[in-house]
Amino acid sequence: EDQVTQSPEALRLQEGESSSLNCSYTVSGLRGLFWYRQDPGKGPEFLFTLYSAGEEKEKERLKATLTKKESFLHITAPKPEDSATYLCAVHPYSGAGSYQLTFGKGTKLSVIP
Amino acid sequence: DAEITQSPRHKITETGRQVTLACHQTWNHNNMFWYRQDLGHGLRLIHYSYGVQDTNKGEVSDGYSVSRSNTEDLPLTLESAASSQTSVYFCASSENLGSEQYFGPGTRLTVT
């Protein structure tokens, strides 16, 4: 069974205090891994797609990396506006014609001024 | 700008009633998805469609149905609402199979 585990469940950082969020996955094969940001009362907002181990993507203070078993979302010098829940999703090889995503439960990030 | 919209944004209904949640996208994407989001769970797939007249069951499809008569819309119907279906529902679409999905703002449904 495909599984996606995100840690920690919640993270509080001081403004400017860099850290990383983890997404570990157990799938038979990986077609792609996605990171989303979700603000309270809103739908998930797409951030990054990673397809192969060693790949990295960056956007402002965020950098996503991928290994064969996990992905990290690194947040450098975060600001209060980075506070949100960050979701990880994997697109596994689950048989012909299957294009479903499996989501983790998310990490709730709070950045304190 | 292209977008994906959902209506209503909030809905309260009674147990046993039929409820339809609307999803409309102007991306012209063939692929559309319905998820529910509950505390303690990740987003869980209810139904999905890869094109007009195509519908497929997801992980938690019992008690739900969808139909796809055009590219833009994928309405989600709860045939007989149950309290266990109280949740936040998100619609999403994607351009290519396996590519990133773009989500709507969500519908908060309460079944009393």
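Chain identifiers are assigned alphabetically (A, B, ...) following the order of the sequence lines, protein sequences preceding nucleic acid strands; residue numbering begins at 1 within each chain. What you see below is based on every heavy atom in this structure, not just the backbone, and it leaves out hydrogens, waters and symmetry mates.
- In the hydrophobic cluster analysis, where Ile, Leu, Val, Met, Phe, Trp and Tyr join through side-chain heavy atoms closer than 4.5 angstrom, Tyr50(B) is grouped together with Tyr102(B).
- Heavy-atom contacts from other residues, nucleotides or ligands closer than 6.0 Å to CD1 of Ile112(A) number more than 12.
- Atom OG of Ser94(B) and atom CZ of Phe46(A) lie 11.5 Å apart (nearest 0.5 Å).
- Atom CD of Glu100(B) is separated from atom CD of Glu45(A) by 12.5 Å, given to the nearest 0.5 angstrom.
- Contacts of Gln6(B) with chain A are absent, with no heavy-atom separation under 4.5 Å from either backbone or side chain.
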Is there a side chain to side chain donor-acceptor pair (under 3.5 Å) between Glu59(B) and Gln100(A)? Walk through the geometry before answering. CA-CA 10 Å; Glu59(B) 176 189 359; Gln100(A) 302 175 40; over 6 Å; no
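- Each of Phe48(A), Phe34(A), Tyr51(A) has some count of heavy-atom pairs under 4.5 Å with chain B, and the biggest count is that of Phe34(A).
- With rounding to the nearest 0.5 Å, the separation of CZ in Arg44(B) from CG in Leu101(A) is 16.0 Å.
- No more than 12 heavy-atom neighbours from other residues, nucleotides or ligands sit within 6.0 angstrom of CD on Glu9(A).
- With sequence neighbours excluded, no residue forms a ring pair (Phe, Tyr, Trp, His ring centres under 6.0 Å) with Tyr25(A).
- Checked against Tyr36(A) for a ring pair (Phe, Tyr, Trp, His ring centres under 6.0 Å), the options Tyr35(B), Phe103(B), Phe90(B) give a single hit: Phe103(B).
- Distance CG/Leu43(B) to CD/Gln38(A): 6.5 Å, rounded to 0.5 Å.
- In this structure, the portion of Arg9(B) lying under 4.5 Å from any heavy atom of chain A is its side chain and not its backbone.
- Cluster annotation: Leu109(A) and Phe103(A) are assigned to distinct hydrophobic clusters (Ile/Leu/Val/Met/Phe/Trp/Tyr, side-chain heavy-atom contacts under 4.5 Å, transitive).
- Across Pro105(B), Gly58(B), Cys91(B), the residue that shares the most heavy-atom pairs under 4.5 angstrom with chain A is Pro105(B).
- Counting heavy-atom neighbours within 6.0 Å of Lys57(A) NZ, excluding the residue itself, gives a total above 12.
- Within 6.0 Å of CZ on Arg17(B) lie no more than 12 heavy atoms contributed by other residues, nucleotides or ligands.
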